[in-house]
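Sequence positions, counted from 1, serve as the residue numbers for this chain. Just so it is clear, the model here is predicted, and its values are computed rather than measured.
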Amino acid sequence: MIIIEVKKNKFVNIDNVFRMEILRKDDNNNVYWRFYTNDESFCSSKEFSDEQEAHSWLSMQIARAQGSKEIISL
C-alpha cells in the first residue's frame, strides 16, 4: 500500500487510484493533481506553480513512500 498526503490531512492510497490528471486553475494559473478512485470520486492535491513541479513532487512522494513504507507528510 502506498499512501501519500496530497494536502494537509488529505491522504490518497495510490493503489486505489485508477486515473490521475493535472488541472490548471483559471484564477492564478497554478496546477494541481486530481486523483480518481474506481467509483469516480476524487481528491485534489495542493497547488503547484507548473506541471514540472507537480510531476517532480508526485514522483518524489511515491518513491519515498515505497522506500519507507510509511505515510508521507508534507
Side-chain angles (χ1 to χ4, degrees):
M1 181 171 16
I2 301 170
I3 299 175
I4 60 173
E5 186 175 24
V6 295
K7 207 179 226 183
K8 187 169 175 66
N9 296 322
K10 283 191 177 184
F11 298 89
V12 170
N13 180 349
I14 296 298
D15 296 339
N16 292 337
V17 172
F18 81 96
R19 183 172 57 130
M20 299 181 301
E21 65 182 338
I22 292 182
L23 301 172
R24 187 169 301 280
K25 294 196 80 151
D26 292 331
D27 57 344
N28 61 11
N29 215 26
N30 286 348
V31 298
Y32 61 95
W33 283 104
R34 185 165 281 174
F35 301 92
Y36 293 90
T37 61
N38 290 332
D39 63 358
E40 291 291 329
S41 63
F42 64 86
C43 177
S44 298
S45 73
K46 66 179 191 167
E47 294 182 19
F48 302 95
S49 59
D50 58 36
E51 288 187 28
Q52 170 102 17
E53 182 184 3
H55 281 283
S56 296
W57 171 83
L58 184 59
S59 295
M60 181 185 70
Q61 296 307 311
I62 290 173
R64 288 177 62 194
Q66 286 175 328
S68 67
K69 301 204 184 314
E70 296 175 357
I71 294 174
I72 302 299
S73 296
L74 303 178

* Structure fact -> Correct closest heavy-atom pair for E21 and Y36 would be OE2-OH, 2.6 Å
* Structure fact -> In terms of heavy-atom contacts, K10 and C43 come closest through CD-SG, 4.0 Å
* Interatomic distance, K46 atom NZ to N30 atom CG [nearest 0.5 angstrom] -> 11.5 Å
* Compare every heavy atom of E51 with every heavy atom of V31, then report the nearest pair and how far apart it is. => CG2-N, 3.9 Å
* With sequence neighbours left out, write down each residue that passes salt bridge (charged side-chain N to carboxylate O under 4.0 Å, His left out) with E53, or none if nothing qualifies. => none
* Asked: Are F18 and F42 connected in a single hydrophobic cluster, I mean Ile/Leu/Val/Met/Phe/Trp/Tyr linked by side-chain heavy atoms less than 4.5 Å apart?
  -> yes
* Structure fact -> Distance col, row F11:CZ vs N9:CG, nearest 0.5 angstrom, shows 6.0 Å
* Asked: Nearest heavy-atom pair of H55 and I22: which atoms, and what distance?
  -> NE2-CD1, 3.4 Å
* To do: Can you see which heavy atom on Y32 is nearest to which on S44, and at what distance?
  => CE1-OG, 3.7 Å
* Looking at CD of E47 and CG of L23, how far apart are the two atoms once the value is rounded to the nearest 0.5 Å? -> 11.0 Å
* Using the salt bridge (Lys or Arg N to Asp or Glu O under 4.0 Å) rule, collect all pairs that involve residues 26-36, keeping only residues at least two apart or in two chains. => none
* To do: Please check if the side chain of W33 supplies one atom and the backbone of M20 the other of a donor-acceptor pair under 3.5 Å.
  => no
* Interatomic distance, N16 atom CG to F35 atom CZ [nearest 0.5 angstrom] -> 12.5 Å
